[in-house]
Each structure stands twice: as C-alpha cells, then as structure tokens.
Engineer: 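To start, I am sharing the structure in question, which I have written as structure tokens.
On a predicted model such as this, the values are computed, not experimentally measured, just so you know.
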Amino acid sequence: LFAEAGVQTNSNKRNQVLKIGHGGTLDSAATGVLVVGIGKGTKMLGTMLAGSKKYTAIGMLGKATDTLDATGKVTEEKPYDQVTKGDLENVLQKFTGEIMQVPPLYSALKKDGERLSTLMKRGEAVEAKPARPVRVYSLSLQQFQPPLFTLDVECGGGFYVRSLVNDIGKELSTCATVQELTRTKQGPFTLEEHALQEDKWTIDEIAQSLEHCTALLLGEPARKKLKAEHPGETAV
C-alpha cells in the first residue's frame, strides 16, 4: 500500500512495524464482518466491539456433524418430516434471552494453551467445556424450506451459532447443523454499510472507507488523548 501510494518509507525496519489484531474469532467456514485494528487501533478494539453481534445462519435439519457445520463428518441422521414452521418458531423462543450453552468441541477455546480444534484434528481426546451463560438479544426465523431454515441472530460475546443450531435440532427431536454462516454486524460495524468489496481495494477506496468509519471511533476526548500520546500515528 505504501508503494502504491508513492510514500517513501523509513529504512529503519523497526519504525515500519505495525501491530495488527482482530476483534473476535470468526469460524473458518463463515463469512462476513471481522473488525481488524491496525497500530494503536488494536487498543481500541475491546471497547469499540463491546456491543452485540449479528449473524445470518442457514441450518439443515436431519443431519449432525462433528464440527456442527458443513465442514465436518456426518455423525447422525434423523427424520425431520414431522417438523413444521410453527414448531421451529415456538422452539426459538426457548433460546432467547440469557441461556446456557455448551461450546463446540471444534472451537478456538483453549486447553493447556492449544485450541480445542487443533487437539481434535490431531485425534486427541477432548472433553466438552461446561455450559456457560450467553445472551441472545433476538432470534427470528426468516425462511423455512425443509430441510433448510434461515435464522437471524443477535447475540453477545462468547456465543456460538453452531451450538444454537445443534441445540435447536435436539429440541425438535431431530438433529441440525449449520450449512452457511455470515456475520452481518460486529459492534458498530455492519456488513451492509462498512464492508469494502474486493474489487474496490485501492488506495483511494480504502481512504474513503476509513473516512466513512471515522464517526464510529471513540468519543472526542479519547481521540485527543490518542493523538497527544502518539503524534503522527493514525488509529484505524
């Protein structure tokens, strides 16, 4: 990017190092919003992304996999013909508000410093983490075309949509797994308003996109403090 913009960079490599971090793990098979902090922006991620997340998920009735999504091996198949749209809508009410949820075995959660998913792929025995409280702000059924159904979910941190769909299947006396998952919102950032499509990844488009996101930064006092402490640096 520096080269494309014609910017002369300091030959001192230490001065060219930028810290980069993301604001929350996204499933490897999922798409959508993943907020990235650059430079001093990495210190702002925790505060900026403290709000809710939104997802659109397509689930499939009648099949369960070891990863709880389409990337895994099928571990169970059950009939689903008895499930109606009304049944599904009624079940969703049980998963709204503060609920208890068991995280998937294939996840970024760690045991002895290693991700559970890494241990599982190596064939090591992994015990499920205990159920923990999570928050679901809203949950609605958008489409129902058996065996597929589409959900819109707004939730708090530490929530797994894969576990939700798996639990919904069990509650309906069948099984279910996630086929597609898209994060549409993370904190104040939304897929519709703030995502920059790949065909627009140019210096000018990126600069315009960052200007559009400026209003989402922390309050004026925080920006002034950051500017005073690190003159010449930009938080992204």
Side-chain angles (χ1 to χ4, degrees), residues 24-32 52-111 115-185:
T25 304
L26 189 63
D27 285 352
S28 58
T31 60
S52 64
K53 303 174 184 179
K54 288 185 178 180
Y55 297 88
T56 297
I58 299 177
M60 174 181 281
L61 294 169
K63 284 187 179 181
T65 68
D66 54 359
T67 60
L68 309 187
D69 64 16
T71 66
K73 298 178 181 178
V74 175
T75 57
E76 188 177 22
E77 294 189 56
K78 286 186 175 182
Y80 58 86
D81 295 343
Q82 75 281 5
V83 178
T84 67
K85 182 178 180 181
D87 292 335
L88 188 47
E89 289 175 330
N90 289 336
V91 162
L92 296 187
Q93 298 177 22
K94 298 181 180 181
F95 294 97
T96 304
E98 186 169 305
I99 63 173
M100 298 299 292
Q101 184 184 74
V102 177
L105 288 177
Y106 280 88
S107 70
L109 298 179
K110 294 183 178 181
K111 175 186 177 183
R115 291 187 175 191
L116 296 185
S117 57
T118 301
L119 298 174
M120 290 288 291
K121 290 175 183 177
R122 285 210 302 258
E124 297 186 22
V126 176
E127 292 184 4
K129 294 283 186 178
R132 57 187 186 177
V134 292
R135 171 68 65 174
V136 180
Y137 296 103
S138 65
L139 177 59
S140 60
L141 178 65
Q142 299 302 308
Q143 283 188 316
F144 183 63
Q145 297 177 322
L148 301 179
F149 60 95
T150 302
L151 302 175
D152 275 351
V153 186
E154 183 173 7
C155 58
F159 184 85
Y160 284 89
V161 177
R162 286 180 290 139
S163 290
L164 169 69
V165 171
N166 180 66
D167 291 341
I168 287 173
K170 292 178 180 178
E171 193 69 27
L172 292 167
S173 299
T174 180
C175 50
T177 189
V178 170
Q179 296 300 292
E180 294 181 25
L181 180 62
T182 303
R183 183 190 283 163
T184 58
K185 175 181 178 290

Engineer: Once you round to the nearest 0.5 Å, how far does NZ of Lys85 lie from CG of Asn90?
Structural biologist: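 One finds 12.0 Å between NZ of Lys85 and CG of Asn90.
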
Engineer: side-chain contact (heavy atoms from CB on, under 4.5 Å) with Asp69: which residues, sequence neighbours excluded?
Structural biologist: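 So Asp69 forms a side-chain contact (heavy atoms from CB on, under 4.5 Å) with Ala29, Thr67, Thr71, Arg162, Val178.
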
Engineer: Taking side-chain hydrogen bond (donor to acceptor under 3.5 Å, both in side chains) as the definition, give me every residue that meets it alongside Lys54, ordered by chain and number, with sequence neighbours left out.
Structural biologist: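 Partners of Lys54 by the side-chain hydrogen bond (donor to acceptor under 3.5 Å, both in side chains) criterion come out as none, since no residue qualifies.
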
Engineer: Run the side-chain contact (heavy atoms from CB on, under 4.5 Å) check on Gln143 and Leu148 step by step: do they pass?
Structural biologist: CA-CA 8 Å; Gln143 283 188 316; Leu148 301 179; over 6 Å; no

Engineer: Are Phe144 and Leu61 close enough that some pair of their side-chain heavy atoms sits under 4.5 Å apart?
Structural biologist: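 Of all side-chain heavy-atom pairs linking Leu61 with Phe144, at least one is under 4.5 Å.
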
Engineer: What closest approach, in Å, do Gly72 and Asp66 show between heavy atoms, and which atom pair accounts for it?
Structural biologist: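 Nearest pair, atom of Gly72 first, then Asp66: CA-OD1, 3.2 Å.
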
Engineer: Quick one: side-chain hydrogen bond (donor to acceptor under 3.5 Å, both in side chains) partners of Lys94, sequence neighbours excluded?
Structural biologist: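 Scan of Lys94 (side-chain hydrogen bond (donor to acceptor under 3.5 Å, both in side chains), adjacent residues dropped) gives Glu171.
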
Engineer: State, to 0.1 Å, how close Ser173 and Gln82 come at their nearest heavy-atom pair, and which atoms those are.
Structural biologist: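 So the two residues come closest at O-NE2, 3.8 Å.
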
Engineer: Which heavy atom of Glu77 sits nearest to which heavy atom of Lys63, and what is that distance?
Structural biologist: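 So the minimum-distance heavy-atom pair works out to OE1-CE, 3.8 Å.
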
Engineer: Is there a donor-acceptor contact under 3.5 Å linking the side chains of Asp87 and Thr84?
Structural biologist: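 Their side chains do contain a donor-acceptor pair, which is all the 3.5 Å distance test asks for.
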
Engineer: Specify the closest pair of heavy atoms between Phe149 and Met60, including all atoms of both residues, with the distance to one decimal.
Structural biologist: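 Nearest pair, atom of Phe149 first, then Met60: CE2-N, 3.9 Å.
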
Engineer: So Val161 and Leu151, side-chain contact (heavy atoms from CB on, under 4.5 Å) or not? Walk me through it.
Structural biologist: CA-CA 10 Å; Val161 177; Leu151 302 175; over 6 Å; no

Engineer: Looking only at heavy atoms, what is the nearest atom pair of Tyr137 and Gly156, with distance?
Structural biologist: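 Residues Tyr137 and Gly156, closest heavy atoms: CE1-N, 3.7 Å.
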
Engineer: Any non-hydrogen side-chain atom of Tyr80 less than 4.5 Å from a side-chain atom of Thr174?
Structural biologist: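 Yes, at least one pair of side-chain atoms sits under 4.5 Å.
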
Engineer: Rounded to the nearest 0.5 Å, how far apart are OH of Tyr55 and CD of Glu154?
Structural biologist: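 These two atoms lie 11.5 Å from each other.
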
Engineer: Return the CG to CG distance between Leu92 and Leu164, rounded to the nearest 0.5 Å.
Structural biologist: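 If I round to the nearest 0.5 Å, the distance is 7.5 Å.
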
Engineer: Under a 3.5 Å distance rule, please check whether Asp152 uses its side chain to pair with a backbone N or O of Ser140 as donor and acceptor.
Structural biologist: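 No, because the side chain of Asp152 does not come within donor-acceptor range (under 3.5 Å) of the backbone of Ser140.
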
Engineer: I'd like to know if the side chain of Thr56 reaches the main chain of Thr182, judged simply by a donor and an acceptor atom lying under 3.5 Å from each other, with no hydrogens or angles considered.
Structural biologist: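 Not confirmed, Thr56 side chain does not pair with Thr182 backbone.
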
Engineer: Under the side-chain contact (heavy atoms from CB on, under 4.5 Å) rule, what do Leu68 and Val165 come out as? Steps first, then yes or no, please.
Structural biologist: CA-CA 8 Å; Leu68 309 187; Val165 171; over 6 Å; no

Engineer: Which heavy atom of Gln101 sits nearest a heavy atom of Gly158, and at what distance?
Structural biologist: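 Heavy atoms only, the tightest pair is OE1-O, 4.1 Å.
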
Engineer: Begin with the C-alpha distance, continue with both residues' side-chain angles, and end with the deciding distance and a verdict on side-chain contact (heavy atoms from CB on, under 4.5 Å) for Val153 and Phe159.
Structural biologist: CA-CA 10 Å; Val153 186; Phe159 184 85; 4.1 Å; yes

Engineer: Rounded to the nearest 0.5 Å, what separation is found between the OG1 atom of Thr177 and the CG atom of Asn166?
Structural biologist: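 Between atom OG1 of Thr177 and atom CG of Asn166 there are 7.5 Å.
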
